[in-house]
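Following: one structure in structure tokens, then a few remarks.
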There are 2 protein chains.
Amino acid sequence: MNKTGGREIVKISDVAKMAGLSPATVSRVLNNHPYVSEDKKKRVAEAVKKLNYFPNSSAQKLRGQKVDTIAVCMPLLTNPFFAYLLEGIDQAATDAGLQLLVCQTRYEKKKELYYLNLLKSKQVDGIILASIENQWEDIEEYTKHGPVILCNEHCRAANVSQVYLDQVYGGYLGTRYLIESGYNRIAYCRGEYASGLSLERERGYRLAIEEYGLSSREEWVFRNSTDFQSGKQVARNIANMKDKPNAVFTGSDQVAAGIIVEAKRLGFRVPEDLGVIGFDDQPVAEVTVPSLTTIRQPVQEIGKTAMELLIKEFNDELEQPKLVTLPLQLIERASAKQPTN
Amino acid sequence: MNKTGGREIVKISDVAKMAGLSPATVSRVLNNHPYVSEDKKKRVAEAVKKLNYFPNSSAQKLRGQKVDTIAVCMPLLTNPFFAYLLEGIDQAATDAGLQLLVCQTRYEKKKELYYLNLLKSKQVDGIILASIENQWEDIEEYTKHGPVILCNEHCRAANVSQVYLDQVYGGYLGTRYLIESGYNRIAYCRGEYASGLSLERERGYRLAIEEYGLSSREEWVFRNSTDFQSGKQVARNIANMKDKPNAVFTGSDQVAAGIIVEAKRLGFRVPEDLGVIGFDDQPVAEVTVPSLTTIRQPVQEIGKTAMELLIKEFNDELEQPKLVTLPLQLIERASAKQPTN
DNA sequence: TTGTACGCGTTATCAA
DNA sequence: TTGATAACGCGTACAA
């Protein structure tokens, strides 16, 4: 027995002493090992209860060489997309008895590297990256210290398991829909700062533009639009343009909602003067007026699949990294129909 | 040196050997102790780099008797209120170099107790409870094993630090506003299942009802309405009533948004036929049409303050538990004006 | 200023 | 079926 900060610390040897047994036997009882007599089991159980004993997790981790904890890196949890992604990850993690560490990179390279170091110090057994801030070459070395899974983001250079969507197609799909609805001057809002995901979506956007013989303008491509507020800013910027787009394809429903709210306030009619498409199909897509045409991602499934892949890596069930592609789907609502011109 | 699963494990003694020093000296260099010659510092730094050494976190934790990790318990992170709360907590935690463990109770008593046990096994140094599922008497014993902070929820019986809002007043404020706007048949949506918070808000609701000589009906009090979908259900229920309320006071903006969307679909005019008030003032409150009158809570500040209080407890800076009350504020928008009758 | 020796609490191995 | 022993990797009291 022992004291620290006024709190008593009961250890396995205390239990052993009280039960008149060795620590080894107590440990065996606690861990349900075979070959322990019922008698001793009972004596241990009693002592454990009497002393209010709990095994020290740090000691177990040191001894066991694993910590049953996963780091989940994402930019910001207040972005509902990532909240739902985490929810998917958490479901699978909880089922497997794994803890999750919150790792918000806040779009900072430094923070991402800091969290990757958790792997080196063995604070976590593995990492799920739901976003990538650094170049892959700077991340790669960390993969030597434990499994890293990419989810949501996709990186060709990375030789690790990945769960992702065809973002090029997503960008193409949304843009094409706008064009076929009759819009011809189409703006694009990039979700995150220079992420591969945004770039891919943008490629799809340009693909559609070109396929239909339209053209884009530099000022129609908005960078760093990630939330509701920045969406409002986009609408204000559009209002101030001489050469206005008549539709916007957006990287998130939040941004789209911000655009719709502010555009209406500024006198635009949606969808007549400005068509809007979102991404994700989150609850807010039903709330906007007009309701939001959007591209549904199976968010929770992405997270769940990523976690399951990670668990397989723990169990050496994967010969080599696995790439999983999940489908996306256009959800047609009112925000992108019938342009005026 | 050593191998596990094919990965080499470098330990402090390896560094010591390479630098021609004792592990103790290496440890001192690593932890910036005074009285180490520049010469050895350099030699250690070199060896560390050459061997790619990283201290093992579990060993440090075992030795140091603390883990620099906090458990944050909340029902569900996909509820934006809790996402923002966590954001506040995370800001303060990151500043203090503390890690956060995701603990979603999913409204289950069992899960909450499971997470509280992290304190006993010393997997976390402290716990922030952003919701309470169990009776306080069942939680109390855990407080012997480390600091527990209540935030958002308030519990009179609990002798621990708490950060909260005057929910009775919140309930009163919203209800009174509806009444003074001319509504006289007011329904109420309880946020969480039987939480103290919901009950307090309900008391405020009843206070206002009585003060103005109105009356409520049992069927006008909706239980377990926590998200957008359940809000839609509430609207459907109202539509099916013979004796319909003409206003609803709601425990969250999500629920309110669901009510507005579905009520409109069912032919109600908002606010003329049905006034709606939300809670939190989240982005979605600006998105609904009509925009949502709501009661603003300083969400992030609640979280931040809770974390700061926890840190003070770690440093023994608190003589006794501290109760912090934060203000709430009614934000007037369009969803609760001008009833027809 | 540096090194030796020990303890943090647990569990696996080996011998009985 | 049980117990003694060692090792997980680190930090620090104590001695030098």
Side-chain angles (χ1 to χ4, degrees), chain A residues 1-5 7-44 47-48 51-68 118 120-123 125 145, chain B residues 1-5 7-44 47-48 51-68 118 120-123 125 145:
Chain A
M1 211 94 85
N2 202 337
K3 292 212 174 205
T4 304
R7 287 187 243 276
E8 348 165 349
I9 290 172
V10 183
K11 37 196 189 186
I12 203 169
S13 57
D14 297 318
V15 177
K17 214 166 288 171
M18 168 168 283
L21 297 168
S22 75
T25 304
V26 176
S27 173
R28 280 190 277 257
V29 173
L30 262 28
N31 295 290
N32 288 319
H33 282 207
Y35 310 123
V36 264
S37 66
E38 287 305 316
D39 168 47
K40 324 260 155 165
K41 277 190 194 174
K42 227 161 259 170
R43 274 156 64 188
V44 169
V48 163
L51 290 171
N52 199 12
Y53 165 77
F54 261 76
N56 179 300
S57 167
S58 295
Q60 290 181 315
K61 287 172 175 173
L62 174 58
R63 177 64 234 229
Q65 305 281 51
K66 61 175 187 142
V67 294
D68 290 329
L118 297 178
K120 291 193 176 178
S121 59
K122 307 216 170 301
Q123 221 167 137
D125 295 324
H145 298 91
Chain B
M1 211 95 84
N2 203 337
K3 292 214 175 202
T4 305
R7 288 187 243 278
E8 350 166 346
I9 289 172
V10 183
K11 38 197 190 188
I12 202 169
S13 57
D14 298 317
V15 178
K17 213 165 288 172
M18 168 166 284
L21 297 168
S22 76
T25 303
V26 176
S27 172
R28 280 190 277 258
V29 172
L30 262 29
N31 295 289
N32 287 319
H33 281 208
Y35 310 122
V36 264
S37 67
E38 288 304 318
D39 168 48
K40 324 260 155 162
K41 277 190 192 173
K42 227 161 260 171
R43 274 156 65 188
V44 169
V48 163
L51 290 171
N52 199 11
Y53 165 76
F54 261 75
N56 179 300
S57 167
S58 296
Q60 289 182 315
K61 288 173 176 175
L62 175 58
R63 174 66 233 231
Q65 304 282 48
K66 61 175 185 139
V67 292
D68 290 330
L118 297 179
K120 291 194 175 177
S121 60
K122 307 217 169 302
Q123 221 166 136
D125 295 324
H145 297 92

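First the proteins, then the strands, lettered A, B, ... as listed; each starts at 1.
Here the shortest heavy-atom pairing between A:L51 and A:V10 reads O-CG2, 3.5 Å. Taking each heavy atom of B:Q123 and B:V67 in turn, the nearest pair found is O-CG2, 3.4 Å. Heavy atoms only, all atoms of each residue included: A:K122 and B:N56 are closest at CD-ND2, 4.1 Å.
Applying the salt bridge (charged side-chain N to carboxylate O under 4.0 Å, His left out) definition to pairs two or more places apart or across chains, those involving residues 54-67 of chain B are B:K66-B:D68.
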With a 3.5 Å cut-off and sequence neighbours excluded, list the donor-acceptor pairs that the side chains of residues 32-39 of chain A form with protein atoms.
unit_1, atom_1, unit_2, atom_2, d
A:S37, OG, A:K40, N, 3.4
A:E38, OE2, A:K41, NZ, 3.4
A:D39, OD2, A:R43, NH1, 3.3

Distance-only donor-acceptor pairs under 3.5 Å for side chains of residues 17-28 of chain B, two or more places apart:
unit_1, atom_1, unit_2, atom_2, d
B:S22, OG, B:A24, N, 3.4
B:S22, OG, B:T25, N, 3.3
B:S22, OG, B:T25, OG1, 3.2
B:S27, OG, B:N31, ND2, 3.3

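C:dC8 atom P lies 10 Å from atom CG of A:D14, rounded to whole Å. Atom-to-atom, CG of A:L51 to C1' of C:dG9 comes out at 15 Å; the value is rounded to the nearest Å. Counting to the nearest Å, the P atom of C:dC8 and the CG atom of B:N56 are 18 Å from each other. In this structure, B:Q65 places its CD atom 17 Å from P of D:dC10, rounding to the nearest Å. Computed from coordinates, the B:E38 CD to C:dT1 P distance equals 10 Å when rounded to whole Å. Rounded to whole Å, atom P of D:dG11 lies 20 Å from atom OH of B:Y35. Rounded to an integer number of Å, the gap from A:I9 CD1 to C:dG7 P is 16 Å. For A:K41 and D:dT1, the NZ to C1' distance is 12 Å, given to the nearest whole Å.
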Using a cut-off of under 3.5 Å, enumerate the N/O to N/O pairs linking the protein to nucleotides 11-13 of chain C.
unit_1, atom_1, unit_2, atom_2, d
C:dT11, OP1, A:N31, ND2, 3.4
C:dT11, OP1, A:Q60, NE2, 2.9
C:dT11, OP2, A:S27, OG, 3.1
C:dT11, O2, A:R63, NH1, 2.3
C:dA12, O4', A:R63, NH2, 3.0

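No side-chain heavy atom of A:V48 sits under 4.5 Å from any side-chain heavy atom of A:V29.
Distances shown here put a side-chain N or O of B:K40 below 4.0 Å from the OP1 or OP2 atom of C:dT2. Dashed line: the shortest gap from a side-chain N or O of B:K11 to OP1 or OP2 of D:dC10 is not under 4.0 Å. A sub-4.0 Å separation between OP1 or OP2 of D:dC10 and a side-chain N or O of B:S58 is absent.
Each of B:I12, B:D14, B:V44 was checked for a side-chain contact (heavy atoms from CB on, under 4.5 Å) with B:Y53, and the lone residue meeting it is B:I12.
Residue A:K61 is out of contact with every strand shown, counting any heavy-atom pair closer than 4.0 Å.
Comparing the local axis fitted to the first five base pairs of the helix from C:dT1-D:dA16 to C:dA16-D:dT1 with the one fitted to its last five gives a bend of 40°, rounded to 10°.
Checked against D:dG3, D:dC8, C:dT1, the side chain of A:L21 finds its nearest nucleotide in D:dG3. Listed nucleotides: C:dG9, C:dG3, D:dG3. Nearest to the side chain of A:S22: D:dG3.
For B:D125, the salt bridge (charged side-chain N to carboxylate O under 4.0 Å, His left out) test picks out no residue, with sequence neighbours left out.
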